[in-house]
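By convention in this document, chain letters (A, B, ...) are assigned in the order of the sequence lines, proteins followed by strands, and residues within each chain are numbered from 1. The basis for the numbers below is simple: all heavy atoms, side chains too, and nothing from hydrogens, waters or symmetry mates. On a predicted model such as this, the values are computed, not experimentally measured, just so you know.
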There are 2 protein chains.
Amino acid sequence: MADNKIPYKIYLEENEMPKAWYNLRADMKNKPAPLLNPGTGKPLTKEELTPVFCDELVDQELDNDTPFVEIPEEIRGFYKMYRPSPLVRAYCLEEKLQTPAKIYYKFEGNNTSGSHKLNSAIAQAYYAKKQGLKGVTTETGAGQWGTALSMACAYLGLDLKVFMVKVSYEQKPFRREVMRTYGASVVPSPSETTEIGKKILAEHPGTTGSLGCAISEAVEVATKNPGYRYVLGSVLNQVLLHQSVIGLETKAALDKYGIHPDMIIGCAGGGSNLGGLIAPFMGEKLRGEADYRIIAVEPASCPSFTRGKYAYDFCDTGMICPLAKMYTLGSSFIPSANHAGGLRFHGMSSILSQLYADGYMEAVSVEQTEVFEAAEQFARVEGILPAPESSHAIRVAINEALKCRETGEEKTIVFGLTGTGYFDLVAYEKYNNGEMTDEIPTDEQIAESLAKLPKVEA
Amino acid sequence: MADNKIPYKIYLEENEMPKAWYNLRADMKNKPAPLLNPGTGKPLTKEELTPVFCDELVDQELDNDTPFVEIPEEIRGFYKMYRPSPLVRAYCLEEKLQTPAKIYYKFEGNNTSGSHKLNSAIAQAYYAKKQGLKGVTTETGAGQWGTALSMACAYLGLDLKVFMVKVSYEQKPFRREVMRTYGASVVPSPSETTEIGKKILAEHPGTTGSLGCAISEAVEVATKNPGYRYVLGSVLNQVLLHQSVIGLETKAALDKYGIHPDMIIGCAGGGSNLGGLIAPFMGEKLRGEADYRIIAVEPASCPSFTRGKYAYDFCDTGMICPLAKMYTLGSSFIPSANHAGGLRFHGMSSILSQLYADGYMEAVSVEQTEVFEAAEQFARVEGILPAPESSHAIRVAINEALKCRETGEEKTIVFGLTGTGYFDLVAYEKYNNGEMTDEIPTDEQIAESLAKLPKVEA
């Protein structure tokens, strides 16, 4: 069964781990569009951003030119506690599918946060600590980001307040207790504790919340309390920079065995995992050194790439955040509460949006019942119970492997297994009981939220 | 901070992974006492055991002489999906404790079952499959064993029925869904589906169950249904044999860097993890080749080593199982429902019991609030949220490291981190809310259940 030369799991040695993050923007001819001040319509300056974000993170956010950013020694030490993550050869899945394709996945779930989010959480907490701040605020959807940040803050002794999307807060009570064990305070969003939360609740009583709402609340608290800043787990350029550690490790592991992937597949919500995973591969593609198919997989219930518009939009529902140019469903778009797991942000990383607009990558949307089918199949042969988010990538990886079975092509598929589903058992229970449904927004729903896009000069 | 030569995590290469399990009994001068037939009082023969257990597992159970048992190729393949597990140097914990001690832990939680139980689950399922059986039955307490076995059975296509201790079934609904996702059927125990379950419910209405009850039910179903056998996740000699992979990997990793541990610490319920972790070290000790302090840590609420009696006893509450000579609190002993997590079996592995009786190891009991204190401290600096079971070992490892701070001794401590606490959040919530208490059995309680020990010639 097993190709003798390639182990089931490729682990890098400590001295092979990346010493610098890779800034994909440096190799982009068309840079991602800058964040705009919603009041003036002008690009945001460092001075405008530092009341919200840590100083050094603002520099990273705005830096479109430096290709490599050194990973501080302290962060590299923390990384060594749970990284390198394994690049796994899915021998058992290949055999089950009877495919000639070679399937690899980069597994980011082997840490208590259960996902790749920890890679950026520790970086952002580190810069906050370095700046002498008391604490940070954030939002969380499925809870992975909040958990990751609570771990990072506990490690560094920073205070943390998490606004958790209400539907996840209710579906995932245990996530709350993990965050509390790490010392964070957790508030369901929208809440009565902020001005914007009160406003949203008044306008939409009974709303189950959205990442956009939670962001608004977290930003409000950060900017109103001295010694606090806001941190975000996805979408932003700085986050993709930190997450490049995933792709750099993946590439180093593949290179070690002389493996050239034909396609790289990742799930896409705000773009943090996908942007990190593909970074060095996309870099080669941008520089004309190599070619890869790069596929973003998003939920059919929140299809920003495949059904959204490439335009400037607010990053939050409360419309207090900067404007970002991105594929968006409109900042008032809220996916069905029936949609399990994360990947529920209305927009998409500006970097990935630009790359998609320029034709450097593909995007596909999948429905959640077929996603859970893939998750179950994967779990039973590969052992790992995957997060619903990650299972979007599994679904498409399996589809591509099955195509290879038809054509006989021995393609090499790499996908990102971003995390584990241990806190998604309410969704799995629904699936196990045959009660899961697909709820896809109508064209009218999307048109309605897109109609509210801010008017900005292109 | 970090000693440059020792990485944070030591991973063996695939070709360094054990090819054979180590049978500790081969090096014991005083062999563990044999299982007895409760009817005749005579040692059980292979013929008597094969209606309950798979043939090859019976051979392993009875084999006190063969030092090494080859790990079948198929099992080694499955091991490669989630093993080797890392041996982690707890640099961050050491720094937090300001101790000169060097602390290592063998982390068995990086698989979906969340614990070391998978090591024996796949072995037992493999032999059942090889024998052409339709399926197996088992019991589970905290749910780790049931989850592990459901993963193994899903992988091999075996049917599985799990009797889950009712208190855990209720505290851990998500465990049930993981097992169901892997295709197992899960019944809370005691249940009305078996004769013994009905009897126990009639005698103790409202009981929250015990491992002993669940074992009785699972054995009944296995022996009444053709093509089924019973499998057990701890206590038995065969289980300790399979779990020796933990200790063998640990020793290989330590040897690779020339590290000689001063003490090995593990939590002890039925003894599967501890017996596996210490196996090769104990072997050296028995052969007079090296010396180590070996410490078993058990919960004060279920203290078989420290307050039990070394005697023949039933392995189950229903008194239908064989008699084993072990440290026991009596088969009718049921720990307080207030005790969180596993380690709630009334007895202890016969192998470990004999070694303890012969003075080759120490035992200590700890209370659960101090265990959760250690768990929280560990989680915050080392990242991993530990299982309550594993946290018993953490507690004593921290205590020993703090003693080193007093004395200035640079001792090397190795402990077993058997699993993660992702399904123990009800208990963590209790701790976070300051509602956790210690409930320790009175001398009268223990005397009462010990009074019911079967009368057997020594």
Side-chain angles (χ1 to χ4, degrees), chain A residues 1-2 7-9 11 13-15 77-84 86 88 90-92 109-114 118 147 151-152 154-155 157 173-178 180-183 372 375-376 379-386 420-433, chain B residues 1-2 7-9 11 13-15 77-84 86 88 90-92 109-114 118 147 151-152 154-155 157 173-178 180-183 372 375-376 379-386 420-433:
Chain A
M1 173 176 96
Y8 279 66
K9 300 190 297 309
Y11 281 109
E13 301 289 327
E14 275 188 9
N15 59 19
F78 189 88
Y79 278 174
K80 285 177 192 166
M81 286 209 300
Y82 71 99
R83 308 197 67 81
V88 186
Y91 285 117
C92 301
N110 269 353
N111 69 75
T112 288
S113 78
L118 197 50
T147 308
M151 288 170 67
Y155 182 79
F174 289 175
R175 280 276 190 202
R176 181 190 67 223
E177 292 308 322
V178 180
R180 288 183 69 208
T181 301
Y182 285 94
F372 275 80
E376 186 191 77
R380 291 187 181 190
V381 294
E382 286 290 318
I384 298 165
L385 186 79
T420 51
Y422 309 150
F423 293 92
D424 300 283
L425 274 306
V426 170
Y428 273 100
E429 182 175 12
K430 236 180 184 172
Y431 178 75
N432 290 338
N433 293 339
Chain B
M1 170 175 100
Y8 279 66
K9 299 190 297 309
Y11 281 109
E13 302 289 328
E14 275 187 8
N15 59 20
F78 188 88
Y79 277 173
K80 285 178 191 165
M81 288 208 300
Y82 72 99
R83 307 198 67 82
V88 187
Y91 285 118
C92 301
N110 268 353
N111 69 75
T112 287
S113 80
L118 197 51
T147 308
M151 289 170 67
Y155 182 78
F174 288 176
R175 280 276 191 202
R176 181 190 66 222
E177 292 309 321
V178 180
R180 287 184 69 209
T181 301
Y182 285 93
F372 274 80
E376 186 191 78
R380 290 187 181 190
V381 296
E382 287 289 319
I384 299 164
L385 187 78
T420 50
Y422 308 150
F423 293 92
D424 301 283
L425 273 307
V426 169
Y428 273 100
E429 182 174 13
K430 235 181 186 175
Y431 177 75
N432 291 337
N433 293 340

Discussion item. Please rank A:Tyr82, A:Tyr428, A:Phe423 by heavy-atom pairs under 4.5 Å with chain B and give me the top one.
Written reply: A:Phe423
Item to complete: Might you work through the side chain to side chain contact (heavy atoms under 4.5 Å, CB included) test for B:Tyr182 and A:Arg380, ending with a clear yes or no?
Response: CA-CA 6 Å; B:Tyr182 285 93; A:Arg380 291 187 181 190; 4.2 Å; yes
Item to complete: Can you tell which part of B:Asn111 gets under 4.5 Å to a heavy atom of chain A, answering side chain, backbone, both or neither?
Response: backbone
Worksheet item: Rounded to the nearest 0.5 Å, what separation is found between the NZ atom of A:Lys9 and the CD atom of B:Glu14?
Response: 6.5 Å
Worksheet item: Using a cut-off of under 4.5 Å for heavy-atom pairs, which of A:Glu376, A:Arg180, A:Met151, A:Glu382 has the most such pairs with chain B?
Response: A:Arg180
Item to complete: Identify the two heavy atoms, one from B:Arg176 and one from A:Glu429, that lie closest to each other, and give their separation to 0.1 Å.
Response: NH2-OE2, 3.3 Å
Worksheet entry | Region of B:Val178 that comes under 4.5 Å of a non-hydrogen atom in chain A | both
Discussion item. Is B:Thr181 close to chain A through its backbone or its side chain, or both, or neither, when contacts mean heavy atoms under 4.5 Å?
Written reply: both
Practice prompt. Starting at SG of A:Cys92, measure out to CZ of B:Phe78 and round the result to the nearest 0.5 Å.
Written response: 8.0 Å
Fill in: Approximate separation, where rounding is to 0.5 Å, of A:Phe174 CZ and B:Asp424 CG
9.0 Å
Item to complete: Give, for atom CD of B:Glu177 and atom CG of A:Leu385, the distance between the pair rounded to the nearest 0.5 Å.
Response: 11.0 Å
Worksheet item: At a heavy-atom separation under 4.5 Å, does B:Pro84 approach chain A through its side chain, its backbone, both, or neither?
Response: both
Worksheet item: Of all of A:Leu425, A:Asn433, A:Val426, which one pairs up most often with chain B through heavy atoms under 4.5 Å apart?
Response: A:Leu425
Worksheet item: Does any donor atom in the side chain of B:Thr112 or A:Tyr422 lie under 3.5 Å from an acceptor atom in the other side chain?
Response: yes
